[in-house]
Amino acid sequence: MAIIGGGITGLSAAFRLQKMMDETKEEVDVTIIEASNRFGGKIETLQREGFTIERGPDSFLKRKREALDLVEELGLSDQLVSNNLGKAYILKNRELHPIPEYSFMGVPSLLKPLLDSSLLSEDGKARALNDLFIPPYPPFDDMSVGDFFAGRLGQEMVDDIINPLLSGIYAGDLYKLSLRATLPQFIELEKRTGSLILGAKQVLPKNKKKTSQFATLKNGLSSLVDRLVDAIRFPMLKNACVTRIEKMNGRYKIVLKNGETLVADGIVFTLPHEKTQDILSDCPYLKQPNAEPCTSVGTVAMAFDAAQVTIQKEGTGFVASNKEPSAITAATYTHLKWPHTTPSGKALIRCYVGKKGDEAILDESDEIIIQNSLDNLKDVVDIDGNPEFSVVTRLRESMPQYVVGHTQWLKQIEETLGHDYPHVYLAGASYDGVGLPDCIRQGNKAAKRLFNELLV
Ligand code: FAD
């Protein structure tokens, strides 16, 4: 068997296959094939001058168990750290406004925090309250997140609250993003309660204490990757870019860029979908109707002496409103949210840059990206001087766009690929969830399917 791609999805698939083989005493050759010179894909932690700096993801949701379960299986539970709680803000008109309390993905569950909010105009609030009175949508299979929320809560609510909250996850155009693939629970809530506000109220009990939702590892997420790489006994190839697959008598010949070949009975592809589509170029249904290219984003970590930084509005960071003319789309006060990352007496702020239609900033030099980010940051955080050092990371075409019809498209692949390419599965961020727990779940699922087909 072969697992193509050594990000978290591929490594999880390999680890799961190994576990199942250990449990059943069944053995089969498995090779992990990774194009770059390291494993982990988007996950990359940098240790510098006592700081733990994440260049890609910085944490995972605890509510979806798969990442926590993997951490436990790998014996890393004693390394787990949960985020510090704190207010989060939305940047609008160069000012920070608190996100209304008791909201679920931006949808208010109580009226008072919405009415008190400085984020919306009086008209915007009145329009949001219409949600309580307008009839539910007639039954539909899918529509865009933007259309759905704007129809119920109004445009302002989408631009100034919902879009900024979602942009950290998808960095895309909300009017192309599939509701069913990203927030299907809202379809159900609206159908059941006839209103998003009433629906949010059911999901968020009024007196529930706020608890930390995210976790990471003390030495950064790369320690999860390192532990997986140590635990996996299969051959793991680096600098091995897959360019082509050829069918040969019920098996597959995998052709690498350097001309070398491998043979496998089954394959799990865990690449960004565009790459898989190039490799399996004889499968027209892999081309998604209305496909949108992945969005490119960047992160800028800035390390300061604590005395240089005064956070005026206490909290853990902010996201920028959709229309804010700011280079940064979000910022995390990492030393406050994740104190273990920062030596005492220092401060660490991580800014995000780049969003759909505004990715040109990534073509600028590091110096310009840092300067622009710093200038924007200084609008809302008192910063004296320049960072002691900064780390810019460009993650080109890194955020998959689940366009309207995404789940339908996945269904079609599911029904068709198995006929054309038996024992070949697609898993990872391009398909059924972008978060780390989603990727681990998909890696596990593909491994179990292959194992059951080829070994049981
Ligand atoms: P990848 O990590 O992209 O791995 C795919 C691998 O395939 C890569 O190593 C690549 O080199 C390799 N490859 C590509 N082409 C070939 C080829 N032809 N042959 C062989 N190998 C190939 N999620 C969270 O849960 N929490 C967060 O805080 C979070 N923050 C994020 C912040 C940013 C800036 C980004 C971009 C994403 C973030 N995510 C977060 C999402 C999450 O990081 C990703 O969805 C996840 O890491 C993707 O894992 P993957 O294994 O599916 O893909």
Carboxylate-amine/guanidinium proximity below 4.0 Å for Arg394 and Glu44: no
Arg449 side chain reached by His423 side chain, heavy atoms, under 4.5 Å: no
Residues Asp420 and Lys247 bridged, charged N to O under 4.0 Å: no
Ion pair check, Arg38 and Asp226, cut-off under 4.0 Å: no
Pair Asp230 + Arg227, salt bridge at N-O below 4.0 Å: no
Under-4.0 Å salt bridge between Lys323 and Asp159: yes
Lys/Arg N to Asp/Glu carboxylate O, Glu66 vs Lys445, below 4.0 Å: no
Side chain proximity check, Thr52 to Gln47, heavy atoms < 4.5 angstrom: yes
More than 12 heavy atoms of other groups within 6.0 Å of Asp29 CG: no
Whether His335 and Tyr333 hold their rings parallel, tilted or perpendicular, with breakpoints at 30° and 60°: tilted
Geometric class of the Tyr402/Tyr170 ring pair [parallel <30°, tilted 30-60°, perpendicular >60°]: tilted
Test: Arg192 and Glu190 ion pair at under 4.0 Å: no
Glu34 bridged to Lys238 by N-O distance under 4.0 Å: no
SB check Arg350 Glu54 (cutoff 4.0 Å): no
Residues, nucleotides or ligands: over 12 heavy atoms within 6.0 Å of Lys378 NZ: yes
Lys/Arg-Asp/Glu bridge criterion (N-O < 4.0 Å) met for Lys356, Glu292: yes
4.5 Å side-chain heavy-atom contact, Ile368 and Ser365: yes
Thr407 side chain to Ala181 backbone, donor-acceptor under 3.5 Å: no
Cationic N near anionic O, under 4.0 Å, Lys19 to Glu73: yes
Donor-acceptor pair, side chain of Glu260 and main chain of Val255, under 3.5 angstrom: no
Ring centres under 6.0 angstrom apart (His273, Tyr431): yes
Parallel, tilted or perpendicular: ring planes of Tyr137 versus Phe140, cut at 30 and 60 degrees: perpendicular
Cation over ring face, Arg16 and Phe451, 6.0 Å, 45°: no
Close side-chain approach of Met143 and Val404, heavy atoms under 4.5 Å: no
Side chain to side chain contact (heavy atoms under 4.5 Å, CB included), paired with Thr31, selected from Ile254, Ile3, Leu262, Val263: Leu262
Close side-chain approach of Phe318 to Pro164, heavy-atom, < 4.5 Å: no
